[in-house]
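Since the structure is predicted, the reported quantities are computational estimates derived from the model, not experimental observations. The residues of the chain are indexed from 1 along the displayed sequence. In listed order, ligands and their atoms are each counted from 1.
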Amino acid sequence: MLGKLIVISGFSGAGKGTIVKHLMEHFNNYALSISATSRNKRPGEQEGVHYFFVSKDKFEDMISHDELLEYAKYNENYYGTPKSFVAKQLSEGKNVILEIEINGALQVKKKFNDAILIFITAPSYESLVDRLKTRGTETIEQINNRLKIALNEARVLSEYSYIIINRDVERSATLIDGIVNDNSESIDIVSSTRTDVMDIIRSIENSIKTYVK
Ligand code: 5GP
């Protein structure tokens, strides 16, 4: 049987990377797609583990050779999903996770009807900003840019099948695994909190509008 394609997006600082790591380490049958990017390596990041770091020219080569399942520009850099790995893992029955931003997610949704789109949000604006600051890898200007991007992302949230408030990494990962395996309890929990989630997202949006000029 073919595996499922799972797209995980979320505001920068919402903790989606940690959730995905937890999912890979504690649940079975997942494969994580490693993206190509033209952005600079952050301290501690490794080639082929976090990303395939390539030049802008090389990235444009990959686009013209149709090597990418989807790609987008985010904060002035290219990010994209190499096709070959995803195809191989799906054919081997693995559930493949793409941790990508929304423009890429929408491209995947168009191409793969069955893809499961999950959006992760932090529980509040404060927790989002705290996480971006404690990561310590971005300048204030870059953090502000990421928050502005979050404003745009909030506009297309209706395209996502599920939205999860990340209050606890283990719980968020368990909910995602439940959704992927058609567990009705997980699906009910996530679906029934959608109105609360939208309230949280609106309050994050309002704070970003107030603080980021
Ligand atoms: P970061 O610079 O923080 O690693 O990633 C910035 C954004 O790019 C995040 O929202 C991340 O999910 C997204 N991203 C990472 N890889 C890809 C990809 O292959 N395609 C797309 N469209 N977005 C990606």
Side-chain angles (χ1 to χ4, degrees), residues 5-21 23-24 31-56 58-63 66-87 89-90 96-112 115-122 128-157 159-160 163-164 166 172 176 201 204 208:
L5 196 52
I6 303 136
V7 173
I8 299 190
S9 310
F11 298 143
S12 190
K16 55 188 186 306
T18 324
I19 296 174
V20 168
K21 190 162 175 274
L23 204 55
M24 296 297 299
L32 177 62
S33 158
I34 311 291
S35 301
T37 183
S38 65
R39 87 149 156 71
N40 291 331
K41 215 188 260 181
R42 288 184 193 136
E45 283 184 333
Q46 286 166 280
E47 166 70 17
V49 175
H50 297 93
Y51 283 106
F52 296 107
F53 294 94
V54 299
S55 65
K56 275 200 167 139
K58 167 73 183 151
F59 199 103
E60 284 166 0
D61 256 13
M62 294 171 84
I63 298 173
D66 198 23
E67 290 173 23
L68 301 170
L69 191 73
E70 61 71 37
Y71 70 93
K73 256 195 169 168
Y74 177 98
N75 226 356
E76 301 300 310
N77 288 303
Y78 283 121
Y79 294 80
T81 305
K83 272 184 184 171
S84 52
F85 176 85
V86 176
Q89 297 295 325
L90 287 176
V96 180
I97 302 179
L98 309 184
E99 190 204 319
I100 62 178
E101 54 70 66
I102 53 166
N103 295 302
L106 298 182
Q107 294 169 41
V108 173
K109 190 178 172 179
K110 262 197 197 146
K111 284 190 190 163
F112 300 85
I116 304 173
L117 270 65
I118 302 175
F119 193 90
I120 312 284
T121 177
L128 200 68
V129 174
D130 271 0
R131 223 180 312 218
L132 280 174
K133 284 188 181 154
T134 47
R135 191 155 78 184
T137 49
E138 265 102 351
T139 61
I140 294 292
E141 196 189 353
Q142 283 169 328
I143 290 177
N144 282 349
N145 272 338
R146 280 172 182 259
L147 290 171
K148 280 187 212 159
I149 293 170
L151 274 184
N152 276 324
E153 296 191 328
R155 294 202 185 105
V156 292
L157 277 188
E159 302 284 341
Y160 281 75
I163 306 176
I164 293 179
N166 181 25
S172 300
I176 293 175
I201 287 172
I204 291 176
I208 295 175

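Annotation: K111, atom NZ; neighbour count of heavy atoms from other residues, nucleotides and ligands within 6.0 Å is above 12.
A centroid separation of less than 6.0 Å is found between the aromatic rings of F119 and F11.
In this structure, a donor-acceptor pair under 3.5 Å is present between the side chains of Y160 and S9. Between the side chains of Q142 and N144, no donor N or O sits under 3.5 Å from an acceptor N or O.
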Sub-3.5 Å pairs, protein N or O with ligand 1 N or O:
unit_1: ligand 1; atom_1: 2 (O); unit_2: R39; atom_2: NE; d: 2.7
unit_1: ligand 1; atom_1: 2 (O); unit_2: R42; atom_2: NH2; d: 3.4
unit_1: ligand 1; atom_1: 2 (O); unit_2: Y79; atom_2: OH; d: 2.6
unit_1: ligand 1; atom_1: 2 (O); unit_2: R146; atom_2: NH2; d: 2.9
unit_1: ligand 1; atom_1: 3 (O); unit_2: R42; atom_2: NH2; d: 2.9
unit_1: ligand 1; atom_1: 3 (O); unit_2: R146; atom_2: NH1; d: 2.9
unit_1: ligand 1; atom_1: 3 (O); unit_2: R146; atom_2: NH2; d: 3.3
unit_1: ligand 1; atom_1: 4 (O); unit_2: R39; atom_2: NH2; d: 2.8
unit_1: ligand 1; atom_1: 4 (O); unit_2: Y51; atom_2: OH; d: 2.5
unit_1: ligand 1; atom_1: 5 (O); unit_2: Y51; atom_2: OH; d: 3.3
unit_1: ligand 1; atom_1: 12 (O); unit_2: E99; atom_2: O; d: 3.2
unit_1: ligand 1; atom_1: 16 (N); unit_2: S35; atom_2: OG; d: 3.0
unit_1: ligand 1; atom_1: 19 (O); unit_2: S35; atom_2: OG; d: 2.7
unit_1: ligand 1; atom_1: 19 (O); unit_2: E70; atom_2: OE2; d: 3.3
unit_1: ligand 1; atom_1: 19 (O); unit_2: G80; atom_2: N; d: 3.2
unit_1: ligand 1; atom_1: 19 (O); unit_2: G80; atom_2: O; d: 3.1
unit_1: ligand 1; atom_1: 19 (O); unit_2: T81; atom_2: N; d: 3.4
unit_1: ligand 1; atom_1: 19 (O); unit_2: T81; atom_2: OG1; d: 3.4
unit_1: ligand 1; atom_1: 20 (N); unit_2: E70; atom_2: OE1; d: 3.3
unit_1: ligand 1; atom_1: 20 (N); unit_2: E70; atom_2: OE2; d: 2.8
unit_1: ligand 1; atom_1: 22 (N); unit_2: E70; atom_2: OE1; d: 2.8
unit_1: ligand 1; atom_1: 22 (N); unit_2: E101; atom_2: OE2; d: 2.7
unit_1: ligand 1; atom_1: 23 (N); unit_2: E101; atom_2: N; d: 3.0

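G13 and L128 make their closest contact through C-CD1, 3.8 Å (heavy atoms, listed as atom of the first residue, atom of the second, distance).
With sequence neighbours left out, the side-chain hydrogen bond (donor to acceptor under 3.5 Å, both in side chains) criterion links Y51 to no other residue.
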